[in-house]
Protein chains: 2
Amino acid sequence: MMGCGVGKSGKGERSVRIGELSRRSGVSVATIKFYVREGLLPPGELTSPNQASYDSGHERRLKLIRALLDVGGLSLSAIGDVLRTIDDPAQPVHHVLGVAAKRITAIEGSEPGPELDDAREEVAELLERRGWRVEARSPAGEALAGVLAALRRAGHGGFCELLDDYASAAEPVARADLDYVGRRVAREDLVESVVVGTVLGEAMFSALRRLAHVDASARAYGGEQGERDGGG
Amino acid sequence: MMGCGVGKSGKGERSVRIGELSRRSGVSVATIKFYVREGLLPPGELTSPNQASYDSGHERRLKLIRALLDVGGLSLSAIGDVLRTIDDPAQPVHHVLGVAAKRITAIEGSEPGPELDDAREEVAELLERRGWRVEARSPAGEALAGVLAALRRAGHGGFCELLDDYASAAEPVARADLDYVGRRVAREDLVESVVVGTVLGEAMFSALRRLAHVDASARAYGGEQGERDGGG
DNA sequence: GATTATGGATAGTGAGACTCTCCGCTATCC
DNA sequence: GGATAGCGGAGAGTCTCACTATCCATAATC
């Protein structure tokens with residue numbers, strides 16, 4: 001496993017040793033070694049029994065790992081899954097999206113109960129209502145049902161009323177994502193875009209939503225003059 | 001600290017011992033004890049040196065903790081911060097939103113560099129362009145800058161082109177959130193709604209976005225007949 | 001009156017993400 | 001050609017997090 005698709009470098013490309021790779025990526029040598037041991041990063045090419053060289057593919061991969069870890073909040077094992085899927089040329093692109101998406105949210109099982117059954121029903125109705133061509137029991141559907149059930153259990157079932165407002169906002173975002181991804185040509189780029197878009201796009205929207213909260217809150221409750229509030 | 005605002009029970013209300021609280025909430029007795037020790041849950045009212053009773057406020061609080069933990073993905077220490085803010089009647093509501101929001105995203109610092117400065121600039125321009133009344137250096141603004149910088153570093157700076165699409169989607173979502181929150185009357189309810197809305201709303205949008213991805217992908221690449229795909 | 005549950009305290013666990021140390025070897029500078 | 005810094009590889013150690021287990025003396029329940 002591993003080791004495919006990472007370095008499309010020929011032979012004349014600039015290749016470096018681990019210290020320089022560390023400096024360029026901002027990841028400590030010890031951590032790079034650790035990632036290699038864990039199979040997240042392919043080992044460098046040995047030039048002698050204890051000397052290896054790393055190329056720009058390693059650097060890129062390393063930055064991807066850090067982005068998924070720090071910004072996307074994925075676990076290393078989730079990142080491993082995602083990277084293995086990226087590197088497997090046999091995987092269809094929509095499957096990559098599936099793996100990336102599945103590993104984002106924790107929501108494991110979301111313990112069963114009547115709320116969960118109701119929530120599943122509600123998800124099915126939503127999909128019907130909006131004409132989305134998705135199985136209600138798909139991972140994303142289950143995740144949504146889990147959230148709805150949790151809202152109900154926490155005594156905030158009323159929040160589910162916003163489902164359609166949220167869905168209306170999610171549609172154009174998804175279209176924009178697909179459109180962005182569709183502009184890639186090479187499979188490798190495309191597939192990485194899917195992952196980055198899914199994971200970091202989430203963080204991006206999240207930050208924007210909070211900015212919009214602060215703005216909306218300032219408009220609703222704040223002064224009329226252009227005063228600003230750093231609250232969120 | 002703690003212990004205020006949780007049980008608005010009078011005296012005639014149904015109060016139970018820890019075993020029953022555990023059964024109702026689905027949280028083990030050992031874990032409930034642990035939460036009490038950690039200050040996340042106020043202790044039960046002692047009826048004798050080693051006997052205490054818990055009311056519906058405890059049950060509600062417990063379910064809130066589990067929702068924030070399991071669905072929202074907050075850490076216990078973040079949950080502690082949030083709960084303390086909820087329980088402090090002196091905290092203005094927008095500050096609660098700030099605390100809830102700040103603790104969602106990890107993004108600590110997002111190591112500095114030219115990308116981060118550029119990203120901050122880009123955030124400021126976005127805010128200007130959209131007329132959002134928010135400080136660019138607010139926590140949410142910094143989070144966004146961190147995401148943009150990470151995208152650039154990962155070699156996917158092109159994704160930043162979607163910023164305005166995302167912002168356009170975030171606006172109505174934020175309005176819907178505020179509108180929902182605004183319908184609450186009691187401070188306690190209001191403040192809890194803010195937290196739940198911020199944290200679980202994020203999970204809800206995330207699931208919807210993924211559902212919309214699957215749908216959009218099916219439309220773009222899938223068959224014309226109503227075939228469905230459970231891929232994401 | 002035996003069994004089970006309870007409150008409170010201390011200690012232990014297992015996963016996750018590193019970080020440290022050691023080894024014998026290699027590259028590099030003077 | 002010798003000192004010194006860096007290297008690859010492996011194992012063990014560390015720190016945080018979210019629990020979980022154990023113990024004890026007392027209380028509730030059958």
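Atom set for the values below is all heavy atoms of this structure, side chains included, hydrogens, waters and symmetry mates excluded. So that the names make sense, note that chain A is the first sequence line, chain B the second, and so on, each numbered from 1.
- Between Y166(B) and F159(B), the angle of the ring planes goes over 60°, which puts this pair in the perpendicular group of the 30/60° scheme.
- We find that CD1 of I18(B) is positioned 10 Å from C1' of dG8(C), with the value rounded to whole Å.
- Salt-bridge formation is not detected for the pair R61(A)/E192(A): no Lys NZ or Arg NE/NH1/NH2 atom is positioned less than 4.0 Å from an Asp or Glu carboxylate oxygen.
- R66(A) comes within 4.0 angstrom of sugar-phosphate atoms only, judged by non-hydrogen atoms across all strands, and of no base.
- With respect to the salt-bridge test (charged N to carboxylate O, under 4.0 angstrom), the residues R152(B) and E115(B) do not qualify.
- Rounded to an integer number of Å, the gap from OH of Y35(A) to C1' of dA17(C) is 7 Å.
- Comparing Y54(A) and R37(A) along DNA chain D, the residue whose closest nucleotide (by nearest heavy atom) sits nearer the 5' end is Y54(A).
- When distances run from any side-chain atom of K33(A) to the nucleotides dT20(D), dG8(D), dC18(C), the shortest one goes to dG8(D).
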Between the protein and nucleotides 27-29 of chain D, list every N/O to N/O distance that falls short of 3.5 Å.
from    : atom 1 : to     : atom 2 : distance (Å)
dA27(D) : O4'    : N50(B) : OD1    : 3.4

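- The existence of a salt bridge linking D87(B) and R84(B) is excluded, since no basic side-chain nitrogen approaches an acidic carboxylate oxygen closer than 4.0 Å.
- For the pair S28(A) and dC18(C), the criterion of a side-chain N or O lying under 4.0 Å from OP1 or OP2 is not met.
- Each of V199(B), L68(B), V195(B) was evaluated against I79(B); a single residue qualifies, L68(B), per the side chain to side chain contact (heavy atoms under 4.5 Å, CB included) test.
- Between the P atom of dA15(C) and the CD1 atom of I79(A) lies a distance of 19 Å, rounded to the nearest Å.
- Heavy-atom minimum distance, L74(A) versus L69(A): O-CD1, 3.3 Å.
- Here R17(A) does not pair with E20(A) in a salt bridge; the nearest charged N to carboxylate O distance is not below 4.0 Å.
- Distance, H58(B) NE2 to dG7(C) C1': 13 Å, rounded to whole Å.
- A straight line from CG of L41(B) to P of dA18(D) spans 16 Å, rounded to a whole angstrom.
- When rounded to the nearest whole Å, the span between CD of E38(A) and C1' of dA17(C) equals 9 Å.
- Taking atom CG of residue L21(B) and atom P of nucleotide dA5(C), one finds them 16 Å apart after rounding to whole Å.
- The side chain of L46(A) lies closest to dG8(D) when the candidates are dG8(C), dG8(D), dC18(C).
- Atom CZ of F34(B) is separated from atom P of dT20(D) by 10 Å (rounded to the nearest Å).
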